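What you see is a predicted model; the values in this text were computed from it and never measured.
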Amino acid sequence: MAEPLTIALPTQAGAIALAGEKEENLKTLARLTGATVVLRGQELYIYGTENQIELSQQLVRSLEDLWSQGKSISNADILTARQALDTHRQGELQELQRDVLARTRRGDEVRAKTFRQRQYIQYIRTHDLTFCSGPAGTGKTYLAVVIAAQALLANQYERLILTRPAVEAGEKLGFLPGDLQQKVDPFLRPLYDALYEFIDQEKMANLMERGVIEVAPLAYMRGRTLNNAFVIVDEAQNTTPAQMKMVLTRLGFRSRMVVTGDMTQTDLPLQQQSGLTVALKILQHLEGIAFCEFSQKDVVRNPLVQRIVAAYEQYEK
């Protein structure tokens, strides 16, 4: 064992940010480096071999742009910092940490937390059509909604259209009360939730009443041409090939579309091909379309979610 290393953290807020909720970040640091990491007040103690201590110190320093300002640090931030060290991308890591995509109404910063999320954001900004597939918790839909909401509020597009197929996850629509719109609203709730982080409910209601924001089931897209619009097609793994072709050919002039889905969570009948799978095969080499695929390494929810996704991936192999 080498001499332990002590890192003095300048503020209490910085210490809390580095430690994370229930010291989850310290546990992640220990798991990634093999060192023992202990926080006492504003002093961080690192125990282990020379290599373990050195790696831990490098990881802590690479996150300094965040904890020095008391910004929250997630499990994904630490894993990305480790990836940056392994691939000599520290400069790119600093850019990622400093590039604030947006701020929620509560003032929380939204930024890419992994290199692939940053690539996804760049794809959306530079391509008329972007496909993104990957497991739950990787920010596929959320980041697309963030970019779309910012673009709409900046008057870059006349309309924001969010749509997804109303396919039941093992349940039936018929038992739900109300008309068709009320029946499908639960399926569209995640899209509303993301929008409410940036647009208050009163303004949202006004924009929806005027048709500036439309949140609708996929069937409502048939026969339309979507000009000067930002379109997000969510849960695309639940489209049929015919539905996918239909919605892709709705794209009009001065419009942008993002298609997201998770092929491991399809709710289609067993013999039914997914429109997302078919589209990825057919359009893979078409110029002007971007493709982004997330893995369990890009999960930015509770660290347990990342381990659940990894366990399922291993089981399915």
Criterion side chain to side chain contact (heavy atoms under 4.5 Å, CB included) against V37, the qualifying member of T28, L29, I7:
L29
Cationic N near anionic O, under 4.0 Å, E43 to R40:
no
For R98, the side chain to side chain contact (heavy atoms under 4.5 Å, CB included) test, sequence neighbours excluded, returns D65, Q94
Establish, yes or no, whether the cationic atom of R89 lies under 6.0 Å from the six-membered ring centre of F115 and within 45° of the ring axis.
yes
Less than 6.0 Å separating the ring centroids of F294 and Y120?
yes
Sorted by chain and number, sequence neighbours left out, side-chain hydrogen bond (donor to acceptor under 3.5 Å, both in side chains) with N51 holds for none
Taking atom types as modelled and ignoring hydrogens, do the side chains of Y142 and E197 form a donor-acceptor contact shorter than 3.5 angstrom?
yes
Determine, for D128 against R254, whether the closest basic-nitrogen to carboxylate-oxygen distance falls under 4.0 angstrom.
no
Does atom CD of Q156 have more than 12 heavy-atom neighbours, drawn from other residues, nucleotides or ligands, at distances under 6.0 Å?
yes
Under-4.0 Å salt bridge between R116 and E293
no
Within 6.0 angstrom of K71 NZ, more than 12 heavy atoms from elsewhere:
yes
Only distances under 3.5 Å count here; give the side-chain donor-acceptor pairs of residues 278-287 to other protein atoms, sequence neighbours excluded, each with its distance to 0.1 Å.
none

